[in-house]
Trainee: 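Have a look at this one before I ask anything.
As a basis for the values below, the full set of heavy atoms in this structure was taken, side chains included, without hydrogen atoms, waters or symmetry mates. Since the model is a prediction, treat every value here as computed from it, not as a measurement.
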Amino acid sequence: MAYPSYIKEKARQLRSDKKLTIDELSERLAISRTTIYYWVKDLPIGTTENETLASRRASKANRDKHARLRSAAYDRGRREYPLLLKEPTFRDFVCMYIGEGYKRDRNVVSICNSDPAVIRLGAAWIGRLASRSISYSFQHHADQVPEELCAFWGQLLDVSPSTIKFQRKSNSGQLAGRIWRSKYGVLQVRTSDTYLRARLDAWMDTIRSDWS
């Protein structure tokens with residue numbers, strides 16, 4: 001349907017002067033959103049003051065919500081610590097995480113090591129406690145066969161070798177004269193579980209307080 005040119009100019013003027021959205025223009029002029037869009041698509045209105053304020057409020061509410069959930073998870077970790085401590089290897093796992101675990105990101109729980117015993121302990125507890133999916137990946141030297149290492153780690157952790165990702169170590173071309181090498185590569189066990197990380201923080205803080 002063809003519209004008079006002054007209707008189009010009116011839409012463009014309202015867009016420029018009043019900063020009306022596509023929906024607002026469509027409703028005010030009783031014209032389809034598609035037509036309005038093609039008339040004013042070269043006139044972005046940016047973010048209005050009200051939208052900016054609403055966005056800030058929504059963002060703060062979301063941050064506050066997740067902060068409360070992390071705090072609740074931390075408190076849960078404090079409460080459940082005495083019961084978990086009765087498990088033979090639980091304290092070993094937490095102590096190991098204090099020394100070897102990834103701590104930069106409060107949303108991630110991860111162990112990375114070349115020692116099969118360390119990885120087996122870490123993977124067992126992460127697998128038991130995590131509510132999110134777990135990923136496995138490793139780095140290896142240039143002269144190692146990735147498929148063989150995938151088979152080794154898969155059997156050790158009772159996971160399908162096809163789920164284990166791998167990449168060559170950046171220094172793997174410099175093997176001459178190497179005294180130490182990781183026989184099975186360096187494996188990482190990782191989960192993006194914010195609330196497990198909060199519980200783990202509570203367990204680590206409890207043990208640190210025992211040490212002090």
Side-chain angles (χ1 to χ4, degrees), residues 54-140 146 149-167 169-170 182-212:
S55 177
R56 288 200 300 266
R57 286 174 175 169
S59 179
K60 182 179 185 304
N62 190 56
R63 290 196 304 271
D64 291 346
K65 171 188 172 183
H66 288 288
R68 289 193 299 270
L69 290 173
R70 287 193 303 271
S71 179
Y74 184 92
D75 291 342
R76 174 187 170 186
R78 287 285 196 179
R79 292 194 305 271
E80 67 189 350
Y81 178 79
L83 182 62
L84 288 170
L85 198 59
K86 296 178 181 179
E87 300 276 352
T89 60
F90 173 72
R91 186 180 177 90
D92 296 335
F93 164 67
V94 179
C95 289
M96 182 180 70
Y97 202 93
I98 291 174
E100 298 287 342
Y102 180 73
K103 307 178 190 70
R104 290 185 183 178
D105 190 333
R106 68 185 180 191
N107 301 308
V108 172
V109 175
S110 176
I111 286 282
C112 185
N113 210 276
S114 62
D115 187 328
V118 169
I119 291 297
R120 181 162 49 192
L121 176 62
W125 276 103
I126 292 173
R128 173 176 169 179
L129 298 166
S131 59
R132 302 291 297 275
S133 61
I134 299 171
S135 63
Y136 307 90
S137 61
F138 68 88
Q139 292 183 322
H140 64 94
L149 298 180
C150 281
F152 169 80
W153 290 113
Q155 182 177 18
L156 181 80
L157 302 178
D158 194 25
V159 299
S160 171
S162 64
T163 64
I164 304 176
K165 300 178 181 180
F166 56 86
Q167 66 183 59
K169 288 177 67 64
S170 59
S182 49
K183 181 178 179 181
Y184 302 108
V186 179
L187 188 84
Q188 179 189 60
V189 182
R190 185 183 191 277
T191 181
S192 298
D193 192 328
T194 302
Y195 306 119
L196 173 56
R197 174 55 191 275
R199 293 161 66 198
L200 185 52
D201 283 341
W203 304 331
M204 290 191 291
D205 287 348
T206 304
I207 286 180
R208 290 190 187 100
S209 67
D210 290 342
W211 292 342
S212 61

Trainee: Which heavy atom of L156 sits nearest to which heavy atom of P116, and what is that distance?
Mentor: CD2-O, 3.7 Å
Trainee: Minimum heavy-atom separation for S114 to S182, with atom names?
Mentor: CB-CB, 3.8 Å
Trainee: Can you establish whether the number of heavy atoms outside K165 located under 6.0 Å from its atom NZ is more than 12?
Mentor: no
Trainee: What's the separation between atom CG in D193 and atom OG in S110, rounded to the nearest 0.5 Å?
Mentor: 12.5 Å
Trainee: When rounded to the nearest 0.5 angstrom, what is the spacing between CG in L187 and CD1 in I119?
Mentor: 5.0 Å
Trainee: Does the plane of the ring in Y184 sit parallel, tilted or perpendicular to the ring in W153? Use 30° and 60° as the thresholds.
Mentor: perpendicular
Trainee: Does atom CZ (R208) have a neighbourhood of more than 12 heavy atoms from anything else shown, all under 6.0 Å?
Mentor: yes
Trainee: Got a second to check how far L129's CG is from L200's CG, nearest 0.5 Å?
Mentor: 8.5 Å
Trainee: Is any side-chain heavy atom of N107 closer than 4.5 Å to a side-chain heavy atom of R197?
Mentor: no
Trainee: Tell me, with the steps shown, if Y136 and Q188 meet side-chain contact (heavy atoms from CB on, under 4.5 Å).
Mentor: CA-CA 6 Å; Y136 307 90; Q188 179 189 60; over 6 Å; no
Trainee: As a quick check of understanding, evaluate side-chain contact (heavy atoms from CB on, under 4.5 Å) for V94 and Y81, giving each step before the final call.
Mentor: CA-CA 11 Å; V94 179; Y81 178 79; 5.5 Å; no
Trainee: Closest heavy-atom contact between T191 and S133?
Mentor: OG1-O, 3.0 Å
Trainee: In Å, rounded to the nearest 0.5 Å, how long is the span from CZ of F138 to CG of N113?
Mentor: 15.0 Å
Trainee: Decide, yes or no, whether a salt bridge links R68 with D64 under the criterion of side-chain N to carboxylate O below 4.0 Å.
Mentor: no
Trainee: Inspect the surroundings of CZ in R132 and state if more than 12 heavy atoms from other residues, nucleotides or ligands are less than 6.0 Å away.
Mentor: no
Trainee: To the nearest 0.5 Å, what is the distance between CZ on R128 and CZ on F93?
Mentor: 11.0 Å
Trainee: Parallel, tilted or perpendicular: which describes the rings of F90 and W203, with under 30° parallel and over 60° perpendicular?
Mentor: perpendicular
Trainee: Looking at D210 and R91, is any side-chain nitrogen of the basic one under 4.0 Å from a carboxylate oxygen of the acidic one?
Mentor: yes
Trainee: Restricting to non-hydrogen atoms, name the atom on G185 and the atom on L149 that form the minimum distance, rounded to 0.1 Å.
Mentor: N-CD1, 4.4 Å
Trainee: Checking V108 against R190 for the side-chain contact (heavy atoms from CB on, under 4.5 Å) test, could you report, in this order, the C-alpha distance in whole Å, the side-chain angles of both residues, the deciding distance, and whether it holds?
Mentor: CA-CA 7 Å; V108 172; R190 185 183 191 277; 3.2 Å; yes
Trainee: Distance alone, cut at 3.5 Å: any donor-acceptor contact between the side chains of T206 and R78?
Mentor: yes
Trainee: Are any side-chain N or O atoms of Y102 and backbone N or O atoms of Y97, one a donor and one an acceptor, separated by less than 3.5 Å?
Mentor: no
Trainee: Any chance you could measure R76, atom CZ, to L196, atom CG, to the nearest 0.5 Å?
Mentor: 9.0 Å
Trainee: Is there a side-chain contact between D201 and R70 in this structure, where contact means two heavy atoms from C-beta onward sitting under 4.5 Å apart?
Mentor: no
